[in-house]
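Since the structure comes first, as structure tokens, the remarks are kept for the end.
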Amino acid sequence: MHLVDITMFYAPEGGGVSTYLNAKAAWLAQRGVHHSILSPNVQGRAGAPALVHLAGAALPGFNGYRMPWTVSGPARALRALQPDLIEAGDAAQAAWAALRVKRQLGIPAVAFYHSDLARLMHERWGGLAGALARRYLAPLYRQFDLVLAPSKRMVAQLAGMGVAGAVHQPLGIDTSTFTPARRMDNLRERLRLPASTRLLVYAGRDTPEKKLPMLHEAVRTLGSPYHLLLVGGAGAHRGPHTSHLPFMRDQAQLACLLASCDLLVHPGDCETFGLIVLEAMACGLPVVAASGGGTAELLDEDTGILVQPNSVAALCAGIDTLFQRDRSAMGLAAARKAREHYDWNHIMPQLMQRYARLLALWPGASVEVERLCASE
């Protein structure tokens, strides 16, 4: 059996899609299932998984990700791999190439709605752009045999566009990497901060939908003893209450930083899932997050606080309120929830079952389906 992922959102620099595909690749490799990833952001490489480079170019507004030049090039690369199932991780050329090869080879194609394109278009360029995105997405996704979405909110959004039957498929984390045991007792000392510092952390890209200017304003408003550790985001907003570290490609290093802070703050309300929220929870951190987007589904009153989006005052109040609560108990509850519900060892079997049910509908797939199910 050969499972193939194609997306412009896979890159060595990480990100939620890259984390998901790397976890899938490791899971399948351990079970002897052939897996390939096609992306314009990688160099070709044999191994498990095989990485296949697609020609493409970086476009404004796509956070440095490269987009394939055409549909025909990715389609040729896909067809040459002779896949048994294709999963497309974006709604651009990768999706159209997957559909073309689906028809040519008579195989199932899956779409994963990783990026809330309609919301992003609306946020950046206005209501007309968002409406045009929805008109584009609906007929595209209706052609796939299965559409996955990482949150219930995104399933509902797809249904509102006219894409019926989308399935909620959460992402996961490696709880052997993201664990409270990674905590360093000397992080404040290394950052040259007083031991009494209330250390907040944010990790991720600095893009408009992340709402980082609002977070910086909240930290400035709160003042001492609050301090923000910004990991990976641009350091343009540096101030006396902010420290900046570059993107951490090594997940163990990121886990050490997360576990050593007091809480994660996530002001963005456009996330389809919010993987960093789960990673922080697994490290024993309670979370303050905006109530919009998929992150809201990950938290409850025992693990964090949801605040009104786009409000500095609400963000400040949420942060301050959380420090009045039993953060130790909340951290334990957060780590337990992440471990019991979102470890990849729980999530990947769900995904494999979905693949198996889909493949079982295709003629001659019974032997391969048995193998896929056995891989769990």
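These numbers come from a predicted model, not from an experiment. Note that the numbering runs from 1 along the sequence shown for the chain.
- No hydrogens or angles considered: nothing links the side chains of Gln251 and Asp174 as a donor-acceptor pair under 3.5 Å.
- Using modelled atom types, one finds a donor on one side chain and an acceptor on the other under 3.5 Å when comparing Thr175 with Asp343.
- Residues Ala57 and Trp69 approach most closely at CB-CH2, 3.5 Å, considering heavy atoms.
- Note on ring orientation: taking the six-membered ring where Trp is involved, the planes of Tyr141 and Tyr113 are perpendicular (angle over 60°, cut-offs 30° and 60°).
- Taking all atoms of both residues into account, the shortest heavy-atom contact from Leu278 to Leu171 is CD1-O, 4.3 Å.
- Ser151 and His168 share no donor-acceptor pair across their side chains, judged by distance under 3.5 Å alone.
- Put simply, OG1 on Thr177 and CH2 on Trp344 are 12.0 Å apart, with the number rounded to the nearest 0.5 Å.
- Looking at heavy atoms from C-beta onward, Thr303 lies out of side-chain contact with Val287 at the 4.5 angstrom threshold.
- At least one side-chain heavy atom of Lys24 sits less than 4.5 Å from a side-chain heavy atom of Glu87.
- If you check the side chains of His2 and Ser36, you find a donor sitting under 3.5 Å from an acceptor.
- A side-chain hydrogen bond (donor to acceptor under 3.5 Å, both in side chains) with Tyr226 holds for exactly one of Thr197, Thr221, Asp320; it is Asp320.
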Legend entry - His34 vs Asp84, side-chain hydrogen bond (donor to acceptor under 3.5 Å, both in side chains): CA-CA, chis, key distance, verdict: CA-CA 10 Å; His34 190 192; Asp84 294 287; over 6 Å; no

Legend entry - CA sep, side-chain torsions, deciding dist, call: Leu230, Leu245, side chain to side chain contact (heavy atoms under 4.5 Å, CB included): CA-CA 6 Å; Leu230 185 67; Leu245 292 174; over 6 Å; no

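- A donor-acceptor distance shorter than 3.5 angstrom exists from the side chain of Ser39 to the backbone of Tyr10, with no hydrogens or angles considered.
- Between the side chain of His53 and the backbone N or O of Val42 there is at least one donor-acceptor pair closer than 3.5 Å.
- Using a distance-only test at 3.5 Å, with no hydrogens or angles considered, a donor-acceptor pair links the side chain of Arg153 to the main chain of Gly293.
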Inset, instruction - Please test Phe273 against His114 for ring-ring contact (aromatic ring centres under 6.0 Å, His included), starting from the C-alpha separation and ending with a verdict. - result: CA-CA 8 Å; Phe273 187 71; His114 286 292; 9.7 Å; no

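- Residues Asp145 and Lys102 are paired through a salt bridge, judged by an N-O separation under 4.0 Å between the basic side chain and the carboxylate.
- For the 3.5 Å distance criterion, the side chains of Asp90 and Tyr65 fail to qualify, holding no donor opposite an acceptor.
- Residues Ala203 and Leu264 come closest through the heavy atom pair N-CD1, 4.4 Å.
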Inset, instruction - For the pair His216 and Leu212, evaluate side chain to side chain contact (heavy atoms under 4.5 Å, CB included) and give the outcome as yes or no after the intermediate values. - result: CA-CA 6 Å; His216 286 289; Leu212 288 192; 4.3 Å; yes

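- Other residues, nucleotides and ligands contribute only 12 or fewer heavy atoms inside 6.0 Å of the CD atom of Glu301.
- The two residues Val155 and Val167 make their nearest non-hydrogen contact at CG2-C, 3.9 Å.
- Using modelled atom types, one finds no donor on one side chain facing an acceptor on the other under 3.5 Å when comparing Thr19 with Asn22.
- Summarising the geometry, atom NE2 belonging to His241 is positioned 9.5 Å from atom CG belonging to Leu222; distances are rounded to the nearest 0.5 Å.
- Open room surrounds CD on Glu189; 12 or fewer heavy atoms of other groups in view lie less than 6.0 Å from it.
- Side-chain atoms of Arg66 do not come within 3.5 Å of backbone N or O of Asn41 as any donor-acceptor pair.
- Formation of a donor-acceptor pair under 3.5 Å by the Tyr136 side chain with backbone atoms of Ala91 is found in this model.
- Cation-pi geometry between Arg31 and Trp27 is met: under 6.0 angstrom from the ring centre, within 45 degrees of the axis.
- Atom CZ of Arg45 has more than 12 neighbouring heavy atoms from other residues, nucleotides or ligands inside a 6.0 Å radius.
- Considering all non-hydrogen atoms of both residues, Cys261 and Leu229 come closest at SG-CD2, 4.0 Å.
- Annotation for Pro225 and Ser196: closest pair CB-O, 4.0 Å, computed over non-hydrogen atoms.
- Distance alone, capped at 3.5 Å, is enough to place a donor-acceptor pair between the Ser18 side chain and the Ala11 backbone.
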Inset, instruction - For Leu158 and Val147, run side chain to side chain contact (heavy atoms under 4.5 Å, CB included): C-alpha distance rounded to whole Å, both residues' side-chain angles, the deciding distance at 0.1 Å, then the answer. - result: CA-CA 9 Å; Leu158 286 165; Val147 178; 3.9 Å; yes

